[in-house]
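See structure below.
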Protein chains: 2
Amino acid sequence: MSEARPTIHDVAARAGVSKSLVSLAMRGSPKVSERSRSLILAAAAELGYRPNAAARSLADRRSHTVGVLVLDLHNPVFAEILDGVQSEVRTHGYSTMLVTGGADPDLEQAELEKLLEFQVEGLIVIAHRLPGSVLRRIAKECPLVVVTRDDVTGPSIDTVRNDDVAGARLAVEHLVALGHRRIVHLSGGDNRVSQDRRDGYLEAMRTAGLAGQSCVIDGALTDAGGYSAAQQALDLEPRPTAMFAANDMSALGAIAAVQDRGLGVPGDVSVVGYDGMSLGALRTLSLTTVAQPLGEMGALAARRLFDRIDHPRRRSVRLRVDAALVPRGSTAPPRRSDHPRG
Amino acid sequence: MSEARPTIHDVAARAGVSKSLVSLAMRGSPKVSERSRSLILAAAAELGYRPNAAARSLADRRSHTVGVLVLDLHNPVFAEILDGVQSEVRTHGYSTMLVTGGADPDLEQAELEKLLEFQVEGLIVIAHRLPGSVLRRIAKECPLVVVTRDDVTGPSIDTVRNDDVAGARLAVEHLVALGHRRIVHLSGGDNRVSQDRRDGYLEAMRTAGLAGQSCVIDGALTDAGGYSAAQQALDLEPRPTAMFAANDMSALGAIAAVQDRGLGVPGDVSVVGYDGMSLGALRTLSLTTVAQPLGEMGALAARRLFDRIDHPRRRSVRLRVDAALVPRGSTAPPRRSDHPRG
DNA sequence: CGCGGAAAGTGGAACGTTCCAACGCTACTG
DNA sequence: CAGTAGCGTTGGAACGTTCCACTTTCCGCG
């Protein structure tokens, strides 16, 4: 129960020194004598003293905290990016404040504003649904790194992402190489990342001479989204032999939909995802995917952020990391009977 | 870039009023005249004023923030509990500060201490690996609700959990009812929850007259943990016909291991998980599981917390929610040939 | 033996809020 | 027309730190 917590004054009184010396001692300053230090530490321990971060950050004008906004904690992909962020942030001696907006722009904005009120020294946004104007305004107040997208630019906005267009091409090329022709794309909806992946799909289909076969079905970046999009895809005549889903989660949904029709993956339909979440490596799922170096992206983002905190006027940086196709068990050549004269 | 942010004084000067009035206006007090209010709001907007949460919480002696510690963000189960927490916290007008300790006791403790320094008004701990002594000490400073466990008690510690022993019994009874006899348990290791589930398993095996068949293999509450435990289980002679995994994630790992041996689930081996994460409902996985009402547990925890914040001396409460067996595609009767004379 | 300088310790002024007691008005009441 | 009630507004004192400029103490050295 939180009866009036002891403050630095209480510790000072008990140790018989001034509050200033307590402040020094608590932060491990070398200009405190051994004697005083142990006196103070003992007093603090006895009282159960705990520094007040609010007071500290007020006086110090620094919070030693960075804010992180993630799109959605249900998708393990973000946990993996977060791992990279967190470990880097910790080595810099900072804390992170983590919030989610659940893919809702208004909520996301509200959460970001809250972070700013807490005086975070920097912001990492791991995927988002925010309008560029909001992001740019926020970047005026605080260094900002956006992971996953680089469509919003500004003098103090750094970005870390893979090339989604190129990645999507890899997926399609993989399927084409296996002999697929009727390849549909289960899109992730109306957000930048999904748009890029769709564009990559369309482009690759064109390049492969399959422009006429192109077919995009709208879904969402969730298992449910993939499921319902795949259902529609399976109603097409003739039935597609392969699906490229906008991300791994929706690919899982798609696989479920295929199986619910009594069809097999990859026997009847091949499925490719995107992201490279570690769950997909499990044999049960064995999901062929376009893998991004998730942890690395997080770490990179954090490093960019600290770089900018240290050098506020550095030119903004757009980092690109490489995605790679990881072939696994959810893709295979199409059945003979499905094989159109190619 | 963050050149000296405008403060309440700057707004006051620009609007031609006192700082006190600005403070009132920013918080929407009714005792501010329409005229002043709009003057102040305009000035604030022009300057891009944003209240400083540190200063506010210092002056106010309340942070309007609760801290949440989650065991592990990689397991979507926790995201589902978190949903319940967040929505409840929001309706109370509070913010949440979210941290993880990655199942590392030292890290968990460090993160909790940090939350306390931020003067959170309450703490929700969603699964943890902390010694009781730490938790009790922390509960002295701040209301605390522990979700998932209730082994640590104290005058201001509330708990929300399901009965893991009973839940584990459900899992075993389900398998027994299907006709299984050689049922192994893939344990989740040395933590309270896993111990309870193991105890429930042992108890139910005894009740079913299968004490002699009991077999616990040590794993961990992750996909990797389930995978390796299942590998060992599959080496047993005679091979078990069913596995009860300590949680859903490890059940997925177990299924993968079975399939990697060229065996089928549920054809050769049935697998039951525990938790009821929504991912398990996907046809691809179709995981039979003991489902906890995850979101509800989160919401319940948050409500307990606010109740205690409002009434600090209320007796501590231990809530139990019911888990239910959800039969899905990962369990089936054992093969004839595997069927020992029962 | 006095002096300089380092080491150890101090009190007061910030930091940006909120709260509180008190203020000047205006408008009503008797 | 004095008294009072309320409204809108105000300055100053907190809140718990850190920082700074300063003091005291002590030591070695010329």
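Just so we're on the same page: letters track the sequence lines, and every chain starts at 1.
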- Message: Quick one, A:Thr100 with A:Glu111, criterion side-chain hydrogen bond (donor to acceptor under 3.5 Å, both in side chains). Give me CA distance, side-chain angles, the key distance, then yes/no.
- Response: CA-CA 7 Å; A:Thr100 350; A:Glu111 293 291 342; over 6 Å; no
- Message: Is there a side chain to side chain contact (heavy atoms under 4.5 Å, CB included) between B:Val134 and B:Arg137? Walk through the geometry before answering.
- Response: CA-CA 5 Å; B:Val134 171; B:Arg137 185 165 54 64; 4.3 Å; yes
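- Of the residues in residues 47-60 of chain A, A:Leu58, A:Ala59 come within less than 4.0 Å of DNA chain C through at least one heavy atom, sorted by number.
- Side-chain atoms of B:Asn162 never come within 3.5 Å of backbone atoms of B:Val321 as a donor-acceptor pair (strictly under, hydrogens ignored).
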- Step by step, would you call B:Phe78 with A:His74 a side chain to side chain contact (heavy atoms under 4.5 Å, CB included)? CA-CA 8 Å; B:Phe78 297 114; A:His74 292 83; over 6 Å; no
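- Put simply, the side chain of B:Ser156 never gets that close to the backbone of B:Pro143: no donor and acceptor are under 3.5 Å apart.
- Once you apply a 4.0 Å limit to the heavy atoms of chain A, the touched nucleotides of DNA chain C run 5' to 3' over C:dA8 to C:dG16.
- At least one donor-acceptor pair under 3.5 Å links the side chain of B:Arg308 to the backbone N or O of B:Arg314.
- Judged purely by atom type and a 3.5 angstrom limit, A:Thr65 uses its side chain to pair as donor or acceptor with the backbone of A:Ser63.
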Atom pairs, protein N/O to nucleotides 9-11 of chain D N/O, distance under 3.5 Å:
from   : atom 1 : to      : atom 2 : distance (Å)
D:dT9  : OP1    : B:Ser33 : OG     : 3.2
D:dT9  : OP1    : B:Ser36 : OG     : 2.4
D:dT9  : OP2    : B:Ser33 : N      : 3.0
D:dT9  : OP2    : B:Ser33 : OG     : 3.3
D:dT9  : OP2    : B:Ser36 : OG     : 3.1
D:dT10 : OP2    : B:Ser18 : N      : 2.8
D:dT10 : OP2    : B:Ser18 : OG     : 3.0
D:dG11 : N7     : B:Ser20 : OG     : 2.9
D:dG11 : O6     : B:Ser20 : OG     : 2.6

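- A donor-acceptor contact shorter than 3.5 Å links the side chain of B:Thr7 to the backbone of B:His9.
- Ring orientation note: the planes of A:His92 and A:Phe306 are close to parallel, at an angle under 30° on the 30°/60° scale.
- Formation of a donor-acceptor pair under 3.5 Å by the A:Arg56 side chain with backbone atoms of A:Pro51 is not found in this model.
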